[in-house]
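Worksheet: the structure to be examined is printed underneath.
Note that the numbering runs from 1 along the sequence shown for the chain.
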Amino acid sequence: MRVLLTGSAGFIGSAIATALASSEHEVVPVDLMLPEAHGRSEVPEGTHQLDVRDALEWVDLLRGVDAVCHQAALVGAGVRVGDLPSYASHNDLGTAALLAAMHEAGVGSLVLASSMVVYGEGRYECPDHGHQQPPPRAIAALDAGDFENHCPRCGRALTWALVEESARLDPRSTYAASKLAQEHYAATWARQADSSVVSLRYHNVYGPRMPRDTPYSGVAAMFRSSIERGRAPQVYEDGGQMRDFVHVADVAAANVAALEAVVGQRAGEATAYNVCSGEPVTIGQVAELVVGGTGSDLAPEVTGQYRPGDVRHVVASPALAREELGFRAAVSPTEGLPAFATAPLRD
């Protein structure tokens with residue numbers, strides 16, 4: 001299969017390129033080489049340095065391609081209102097332009113990199129009142145150290161449950177809104193162009209060659225950088241936030257499985273899958289696992305600080321990806337996070 005891969009030089013994109021080549025697929029690599037993601041890195045040999053927002057100008061590159069794997073995006077939360085135009089431009093306009101170019105070139109299969117952030121808060125249950133959808137946490141409660149979501153009916157702290165792909169979508173950051181918009185554009189394209197798309201909702205991705213100390217870094221990389229500077233990792237809230245951390249090699253494997261599935265998918269279909277380890281951990285545990293991997297005697301410091309807009313718990317169900325894509329993560333966070341503590345990073 002001939003696959004055009006956007007964002008091919010990035011952290012996740014480069015892992016996908018390696019996995020595709022190992023599966024004997026031909027890769028057409030495309031990357032704009034944004035400084036936010038790549039710093040001053042040189043353009044990898046064979047990479048087409050192109051902007052997806054201009055995709056209609058390079059339709060010829062798409063001709064003869066069997067599927068597109070679209071990883072290129074601005075990531076990070078997008079904390080400033082002034083960030084809105086950049087996210088809308090790179091993520092949403094870029095995706096729309098790429099879809100239009102694919103249609104013109106006769107390419108009808110897409111795998112799209114999405115994110116767990118489209119869910120907003122995760123799934124919650126009250127022992128007495130069942131499933132609940134809590135509103136954003138109040139600043140006054142966060143200031144008082146009350147970090148849990150509470151049942152709107154009885155006020156009891158809610159317990160987290162696994163989020164399935166059918167859950168309500170409730171983006172709560174600029175980045176999240178842009179990823180959901182990408183999913184909607186892709187689903188509309190699938191219907192209008194009689195094509196097919198698989199959206200992969202990545203949970204917290206980590207692994208070798210992750211960027212160091214940039215908006216593209218995850219919390220595991222930030223913990224590691226703190227230790228390297230001789231500082232204890234700073235854990236926000238009470239460290240009890242529940243997440244799923246998935247190794248980049250598993251994310252790459254999920255993309256290969258999705259690409260092999262989407263080319264045989266019924267035209268007009270748009271499906272989404274969680275890409276996760278299936279082994280949830282707290283942020284406090286993540287800090288401890290990273291510290292343990294470095295051999296440092298620095299204990300994580302739970303600060304009680306918080307970031308407005310952060311969600312409390314979001315943990316994915318791996319069931320649908322396992323059943324329909326045959327994807328099952330191979331790397332456990334209890335093994336992968338300590339190994340990540342000394343893995344090479346990208347400066």
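Contact of the Val163 side chain with the Ser317 side chain is not registered, since no non-hydrogen atoms from C-beta on lie closer than 4.5 Å. Asp31 is not listed as a side-chain neighbour of Asp51, based on a closest heavy-atom distance of 4.5 Å or more.
In terms of modelled atom types and a separation under 3.5 Å, the side chain of Glu24 and the main chain of Ser22 share no donor-acceptor contact. Judged by distance alone, the side chain of His48 and the main-chain N or O of Leu50 form no donor-acceptor pair under 3.5 Å. With hydrogens and angles disregarded, a donor-acceptor distance shorter than 3.5 Å links the side chain of Thr6 to the backbone of Gln71. In this structure, the side chain of Thr47 does not engage the main chain of Pro29 through any donor-acceptor pair within 3.5 Å. A donor-acceptor pair is defined here as one N or O able to donate and one able to accept, closer than 3.5 Å; such a pair exists between the side chain of Ser195 and the backbone of Ala193. Under a 3.5 Å cut-off, the side chain of Asp250 and the backbone N or O of Val331 do form a donor-acceptor pair. Side chain of Ser23 to main chain of His25: no donor-acceptor pair is present (N/O by atom type, distance under 3.5 Å, no hydrogens or angles). Of the possible donor and acceptor atoms, none in the side chain of His313 sits under 3.5 Å from a partner among the backbone N and O of Gly122. Panel note: side chain Glu288, backbone Val286; no donor-acceptor pair is recorded below 3.5 Å.
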(message) Between Lys179 and Glu183, does the salt bridge (charged side-chain N to carboxylate O under 4.0 Å, His left out) criterion hold? Intermediate values first, please.
(response) CA-CA 6 Å; Lys179 297 311 284 185; Glu183 286 198 29; over 6 Å; no
(message) Go through it in stages, so that I can follow the logic: the residues are Glu148 and Arg312, the test is salt bridge (charged side-chain N to carboxylate O under 4.0 Å, His left out), and I'd like the CA-CA distance, side-chain angles, deciding distance and then a yes or no.
(response) CA-CA 7 Å; Glu148 297 293 351; Arg312 178 59 175 174; 2.9 Å; yes
(message) Show, in sequence, the C-alpha distance, side-chain angles and deciding distance for Arg266 and Asp194, and conclude whether the salt bridge (charged side-chain N to carboxylate O under 4.0 Å, His left out) test is met.
(response) CA-CA 9 Å; Arg266 187 175 61 199; Asp194 207 25; over 6 Å; no
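One side chain, Asn274 or Tyr119, offers a donor N or O that lies under 3.5 Å from an acceptor on the other. Asp83 and Thr174 form no side-chain donor-acceptor contact under 3.5 Å, judged by distance and modelled atom types alone. For the residue pair His150 / Gln132, no side-chain donor-acceptor distance below 3.5 Å is found, with atom types taken as modelled. In this structure, a donor-acceptor pair under 3.5 Å is present between the side chains of Asn255 and Tyr202. Inspection of the Arg224 and Thr294 side chains reveals no N or O donor paired with an N or O acceptor under 3.5 Å.
Partner Thr95 forms a side-chain contact (heavy atoms from CB on, under 4.5 Å) with one of Asp92, Leu99, Leu93 and no other, that one being Leu99. When Glu165, Glu324, Arg201 are each tested for a side chain to side chain donor-acceptor pair (under 3.5 Å) with Tyr273, only one passes: Glu324.
Using cut-offs of 30° and 60° on the angle between ring planes, the pair Tyr206 and Phe245 is tilted.
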